[in-house]
Amino acid sequence: MSELPLLRVDGLEQRFDASGSLFDRLRFDNGRISAPRRIVHAVNGVSLTIRRGEVLGLVGESGCGKSSLAKTIIKLHEPTAGRIILDGEDITGHGFQRMRPVRRKMQMIFQDPYASLNPRQQVSDIVVEPWREVAGGSADAAHERAMQLLAKVGLGAEHAARYPHQFSGGQRQRIGIARALSVNPELIIADEPVSALDVSIQAQILNLMMDLKDDLGFSYLFITHDLSVVRFISDRIGVMYLGFMVETGPRDAIFDNPHHPYTQALLKAAPRIGQPLPPAAEQLTGEVPSAFLLPEGCAFRTRCPLAHARCAREQPALKHIGAGQSVACHLHDADEKPLHDAPLPVAA
Amino acid sequence: MTAQTDAPLLRVRGLKTWFHTFGGVVKAVDGVSFDLSPGKILGIVGESGGGKSMVGFSIMGLVDRPGRIEAGEIIFDGRDLARLDDDAMQAVRGRQIAMIFQDPMTALNPLYTIGNQLEEMLTLHTDLGPQARRARCIEMLAEVGIPQPEARLGAYPHQFSGGMRQRVVIAIAMIAEPRLLIADEPTTALDVTIQAQLLRLMKAQVEQRRTALILITHDLAAVSQMADRIVVLYCGRVVEIGASAALIASPRHPYTRGLLDSIPASHQGRSRLPQIPGTVPDIRKLPPGCSFAPRCPRAAERCRAEVPELTAAAGGSAFACHFPLEASA
């Protein structure tokens, strides 16, 4: 990896204060007044890199912090700690004005094609708005640009003067993609872009997104909860749990040889077509703990079938285990003495 | 197989549920037929607008105006539910047939404890005394995997996570021991690890109590893991019906094939996904002939003129297509 990565994120943390007003917080304990804060630990020290032209797929269940991570990287939320370096430029501390030129390099596609388009704007205005922001230009030039963009995503000139409500979900997602493409970004962050779509439309949009990437050579940070989608689209995959990155690696390594117990359980739980339900013994029990009160030590230990004493004491760090794969689990720590002689369980 | 297991509990014949709107007649369900025996699982799949939820609502007698059951029979245990009046239907609903809805956040009443909501089913449908009802509620919550059921009886829905709420919804549906359970997208709102737990739970209920289950979902993978038979709906009509494994392995209708191919998991590597072009047509303005013809790679003149009839094939399967795919061995 001599080449400078397009995006590097180091130890990113995102905490949200959900405690409300002082009056909501006031507590009386044994005659003493206190006002504790309630902090959501959404992203906890996540590091990742994305190379040029690469697709990094981010998977995890709801509440694992994948959307918060994306919104923090694009600075919709200010990070609590850590660094974000885009194309060699540290944008962690950039304010609104200094972010404006950066947004030309980094755009976002949102999950909900109904809520992410302004219902009062014509489609031709929606798709060129980011471009006009950075390039200015005349109304004629903007119209021409709009037509180019619509053609790129498979919409026609007849769609230009329509409003979002006149389109189906799949067409709206095409409009969202055209808007992100308008400034020729180098990185597109796509937050569950196909989750709201029917399976036949989902295939159309996934094909479109990959064709555009191959044509224009940008990178994706692609967030999804759908394992079949992430397998289709990613070069590398990151698995998140409760705000932590628990495993990263090349796509095939993650699917064929997952090391973290959570990755293994997630892959086993995913329904596979024509296969029987997985036996109950292989199911993960319990539910994700609250992000208000993270467990001590490893965040996954409360559901982990292999947890031992060290997991409750010490938080595992993400460590490289070879072939580009990294895992945050004490079981894969070279210093850890084997607990038992049996080989580590590996998904079949 | 004995005669007893063969006798279907539910027999739906030519069901038509239409909505008379100012914009025209919406034929949400337009001639759907299937059988379901006790202890069996029928999967109903299709995309949004296919009419799959409306089949469930029709059986439950929950079709609201301007919709109504236009034609067809819903024979449940020898009686035609489509002809029952509201009072008679009320006695069937909940007791004989129960429904699990998609959204566990809105299916529960936020103002009552889950103990109240469970017990209401027993008060309405059984003659158990208060203590027996309470014992039964605790037993049922334990059965659906809620830890400390006794302590949780007094809890309100907002104190539960999404997965736990759906467990409560399943418990409410199952507590009066209905003979038919209709689950409309029961796990769509939930994460995969929770989804696997709940599918297993429903399957166990079906096996233990010989309940019949209709599983309505857009998720072909989930349905293929659960169902004995699968019905594929497109624009309110059955395009294909058959035994689960055979239908997945060797679909005869191009729409079924297209749906299966659109799932990324069935393809290794990064080749393009085979996609079904276009979108589902407006159900008020269906094309003449086969409604899938505008999107179908095999469509010919005949498909645009003539509606294909459901044709029986080997193994109790059937498909509605003029030019079906070859049956593979």
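Residue numbering restarts at 1 for every chain, and letters A, B, ... go by the order of the sequence lines.
- The nearest pair of heavy atoms linking Q225(B) to P271(A) is OE1-CB, 3.2 Å.
- Considering every non-hydrogen atom in both R303(A) and I194(B), the closest pair reads NH2-CD1, 4.4 Å.
- Taking CD of Q171(A) as the reference point, atom OG1 of T279(B) lies at 6.5 Å (rounded to 0.5 Å).
- Surrounding CD of Q148(B) are at most 12 heavy atoms belonging to other residues, nucleotides or ligands under 6.0 Å away.
- Applying the salt bridge (Lys or Arg N to Asp or Glu O under 4.0 Å) rule to E150(B) yields the partners R134(B); only residues at least two apart in sequence or on another chain are considered.
- Atoms CG and CD1, on D219(B) and I273(A) in that order, are 8.0 Å from each other to the nearest 0.5 Å.
- At least one donor-acceptor pair under 3.5 Å links the side chain of Q204(A) to the backbone N or O of G278(B).
- Of the two parts of M164(B), the backbone and the side chain both hold a non-hydrogen atom closer than 4.5 Å to a non-hydrogen atom of chain A.
- Contacts from residues 192-200 of chain A to chain B, taken as heavy-atom pairs separated by less than 4.5 Å, involve D198(A), V199(A), S200(A) in sequence order.
- Between E47(B) and I201(A), the shortest heavy-atom distance links the atoms OE2-N, 4.3 Å.
- Put simply, the residue from D226(A), I233(A), V229(A), V230(A) that forms a side chain to side chain contact (heavy atoms under 4.5 Å, CB included) with P264(B) is V229(A).
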Verify side-chain contact (heavy atoms from CB on, under 4.5 Å) between H225(A) and V192(B), making sure each step is shown before the conclusion.
CA-CA 8 Å; H225(A) 69 283; V192(B) 283; 5.6 Å; no
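- For the set S168(A), A270(A), A203(A), the entry with the most heavy-atom pairs within less than 4.5 Å of chain B is A203(A).
- Heavy-atom pairs under 4.5 Å with chain A were tallied for G258(B), G163(B), S48(B); the largest tally goes to S48(B).
- For the atom pair R272(A) CZ and S224(B) OG, the distance stands at 11.0 Å (nearest 0.5 Å).
- Contacts of I248(B) with chain A are made by side-chain atoms alone, with heavy-atom separations under 4.5 Å and no backbone atom involved.
- If you take CG on L208(A) and CZ on R272(B), they are separated by 8.5 Å, rounding to the nearest 0.5 Å.
- With a 4.5 angstrom heavy-atom cutoff, L206(A) touches chain B only via side-chain atoms.
- Most heavy-atom pairs under 4.5 Å with chain B, from the set V288(A), D211(A), L266(A), L227(A): that is D211(A).
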